[in-house]
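Lettering of chains follows the sequences in order, A, B, ..., and the numbering in each one begins at 1.
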Amino acid sequence: MPELPEVEVVRLGLAPAVTTATVASVTIFDSRSLRRHDGPAEDFVDRLVGRTMLAPQRRGKFLWIPLSPVPPSPSPPLSPPPLSLAASHGIRPVTTTEIQEFRDSATVFPGQSLSDADGVPEFPEGKRGGGPDTAVPVEALTVHLGMSGQVLLRDRSVDDARTRIRIDIVHPALGLRRLNFVDQRIFGSMALDVLVSPVNGSGPTIPSRVAHIARDPLDEFFDDRAFLTKLAAKRTTIKRAILDQTLISGIGNIYADEALWAARIHYNQPTATLGRARGLRLLREVRAVLVRALGEGGTSFDTQYLNVNGQSGYFARSLNAYGQQGKPCPRCGQPIVRESFMNRGSHLCTFCQRIR
DNA sequence: CTTTCGCCCTGAGTGC
DNA sequence: TGCACTCAGGGCGAAA
């Protein structure tokens with residue numbers, strides 16, 4: 001189940017391969033994976049082909065790849081990647097002819113003029129129209145992995161089962177690569193979205209569909225005090241609150257249970273009576289578990305979560321509560337129990353974690 | 001406005 | 001062996 005650490009592992013894996021790469025062709029195998037795209041599948045393909053990708057970004061469980069403001073015109077020179085670079089990545093060098101054939105196989109549309117696009121917000125500080133050197137991206141390819149989504153980075157011509165969307169790219173150094181968006185249950189999605197200024201006005205731009213999501217606890221601009229204040233004002237229980245992505249993002253069922261266990265807090269503890277000290281303790285444990293999981297490459301129970309190279313993470317062996325029902329609590333030895341809550345499982349030690 | 005509910009979706013697992 | 005059924009849960013629109 002991809003939560004913040006798993007999505008960050010994917011982002012880190014994608015970064016070197018997609019940054020500065022140009023989209024050569026896009027194939028939609030299942031348009032349900034474009035449910036959150038504002039337009040038909042053809043629109044998604046037409047607007048994406050020919051664009052150059054910039055460094056991938058993340059907030060919570062959302063991942064996005066900003067796109068160069070306008071499709072490069074004319075196309076960048078067709079120079080094969082340096083042999084040494086390609087070889088060091090285990091990639092067969094490609095020829096100029098192959099790259100041209102690859103591009104010709106896709107229908108490249110000129111892309112919309114920015115000034116014609118409806119609903120594209122004005123950028124602050126007048127950065128738009130300042131020439132190629134000062135242009136800022138206004139659009140991004142937004143990705144959410146849902147429950148079973150994967151972005152697999154493959155060599156050319158490699159297919160994966162249950163691929164819903166295939167994006168073939170040309171990287172100036174790495175050559176032809178393929179992004180397979182694989183998603184068994186189709187809870188995830190890809191979409192093209194406009195980038196807007198964040199709600200509080202500071203920091204980099206963010207896709208409009210992600211703008212309502214709160215900053216995640218690993219975000220340098222996350223405001224601990226404001227979070228604790230909002231938490232105290234809630235009329236709900238603590239696990240509901242930390243799963244609420246508009247309050248704090250990136251936490252899913254696994255890391256919610258793990259952080260609550262570490263902080264010795266019961267999932268049904270009312271937020272109004274949690275108190276600031278225990279709220280801060282929980283926030284610290286949330287950060288600790290997210291960072292530890294990130295260091296282990298995320299949590300994989302099966303092949304539902306894999307990094308961009310199709311490899312599992314190792315944090316599952318470090319879980320103290322989630323999925324540990326029947327096993328002794330690592331702290332007190334009492335059995336971990338699984339209770340149904342919010343139509344999902346909550347795993348806890350009823351001895352260590354009590355409502356106070 | 002805030003909070004909760006129900007739907008989306010597939011394949012592995014379970015019981016008869 | 002076969003088949004119906006249950007379960008997993010993030011996000012989002014609708015309902016309360």
Side-chain angles (χ1 to χ4, degrees), chain A residues 1-8 10 28-38 58-64 142-151 160-165 181-191 193 199 206-216 227 229-260 267-274 286 290 293 298-306 312 316 319 321-326 338-348:
Chain A
M1 284 131 242
E3 302 180 27
L4 188 153
E6 292 78 26
V7 179
E8 178 65 5
V10 171
I28 309 299
F29 296 103
D30 195 324
S31 58
R32 292 176 297 178
S33 291
L34 290 174
R35 191 181 301 117
R36 295 186 181 89
H37 177 71
D38 187 22
R58 181 190 56 74
R59 174 178 287 194
K61 306 170 196 174
F62 280 91
L63 177 70
W64 67 93
T142 305
V143 185
H144 197 290
L145 300 178
M147 289 295 299
S148 55
Q150 303 166 6
V151 180
D160 287 291
R162 301 187 197 100
T163 295
R164 312 299 184 187
I165 298 172
F181 181 68
V182 172
D183 190 7
Q184 180 200 117
R185 287 158 68 182
I186 322 185
F187 273 34
S189 64
M190 280 188 162
D193 198 2
V199 174
I206 185 168
S208 70
R209 302 288 294 255
V210 187
H212 69 291
I213 298 293
R215 292 184 187 277
D216 62 64
F227 167 74
T229 301
K230 284 187 208 164
L231 194 63
K234 285 266 179 193
R235 292 293 172 265
T236 186
T237 51
I238 187 62
K239 184 169 174 181
R240 285 194 134 94
I242 61 174
L243 289 175
D244 178 355
Q245 304 295 301
T246 66
L247 185 65
I248 181 172
S249 68
I251 304 168
N253 207 36
I254 296 174
Y255 299 114
D257 282 1
E258 289 300 306
L260 287 167
Y267 63 84
N268 250 341
Q269 173 79 42
T271 50
T273 58
L274 179 68
V286 163
L290 294 178
T299 303
S300 301
F301 294 111
D302 45 34
T303 56
Q304 295 262 310
Y305 162 69
L306 300 171
S312 296
L319 295 172
Y322 185 88
Q324 306 303 302
Q325 57 269 28
R338 180 184 185 278
E339 298 179 2
S340 189
F341 175 72
M342 290 176 73
N343 289 324
R344 42 181 67 95
S346 273
H347 311 75
L348 75 161

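Atom-to-atom, CD of A/Gln245 to P of C/dG13 comes out at 15 Å; the value is rounded to the nearest Å. C/dC12 atom C1' lies 15 Å from atom CG of A/Leu243, rounded to whole Å. Straight-line distance from the OH atom of A/Tyr322 to the C1' atom of C/dG10: 12 Å, rounded to whole Å. Rounded to whole Å, atom C1' of C/dG10 lies 12 Å from atom CG of A/Asp244. Taking atom CG on A/Leu145 and atom C1' on B/dC8, their separation rounds to 17 Å, with Å as the unit. Taking atom CZ of A/Arg240 as the reference point, atom C1' of B/dG6 lies 13 Å away to the nearest angstrom. Put simply, CG on A/Asp257 is 12 Å from P on C/dA8, counting in whole angstrom units. A straight line from CD1 of A/Ile242 to C1' of C/dG10 spans 15 Å, rounded to a whole angstrom.
Heavy atoms only, all atoms of each residue included: A/Thr236 and A/Ala241 are closest at CG2-CB, 4.2 Å.
Within the nucleic acid shown, A/Gly345 comes within 4.0 Å of sugar-phosphate atoms alone, with no base atom in reach, counting heavy atoms only.
Out of B/dT10, C/dA8, B/dT3, the shortest distance to the side chain of A/Arg338 is found at C/dA8. When distances are taken from the side chain of A/Arg162 to each of B/dT10, B/dG11, C/dG10, the shortest belongs to B/dG11. In this structure, the nucleotide among C/dC12, C/dG10, B/dC8 sitting nearest to the side chain of A/Arg35 is B/dC8. Proximity note for A/Arg164 (side chain, C-beta onward) versus B/dT4, B/dT10, C/dG11: the nearest is B/dT10. Taking the side chain of A/Arg235 as heavy atoms from C-beta on, and the options B/dT3, C/dG10, C/dC7, the nearest nucleotide is B/dT3. Set against B/dT3, C/dG11, B/dT4, the side chain of A/Lys234 has B/dT3 as its closest nucleotide.
Between A/Glu3 and A/Arg209, the residue anchored closer to the 5' end of DNA chain C is A/Glu3, taking for each the nucleotide with the nearest heavy atom.
Residue A/His144 places at least one side-chain N or O closer than 4.0 Å to OP1 or OP2 of C/dG11. Here A/Arg36 reaches the OP1 or OP2 of C/dC12: one of its side-chain N or O atoms lies under 4.0 Å away. Distances shown here put a side-chain N or O of A/Thr236 below 4.0 Å from the OP1 or OP2 atom of B/dT4.
For the pair A/Glu8 and A/Arg58, the salt-bridge criterion is met [side-chain N within less than 4.0 Å of a carboxylate O].
In this structure, A/Arg162 fails the cation-pi test against A/Phe29, since its NZ or CZ atom is not both closer than 6.0 Å to the six-membered ring centre and inside 45 degrees of the ring normal.
Within a 6.0 Å radius of CG in A/Asp160, more than 12 heavy atoms belonging to other residues, nucleotides or ligands are found.
Classification of the A/Tyr322-A/His347 ring pair by plane angle, with boundaries at 30° and 60°, yields tilted.
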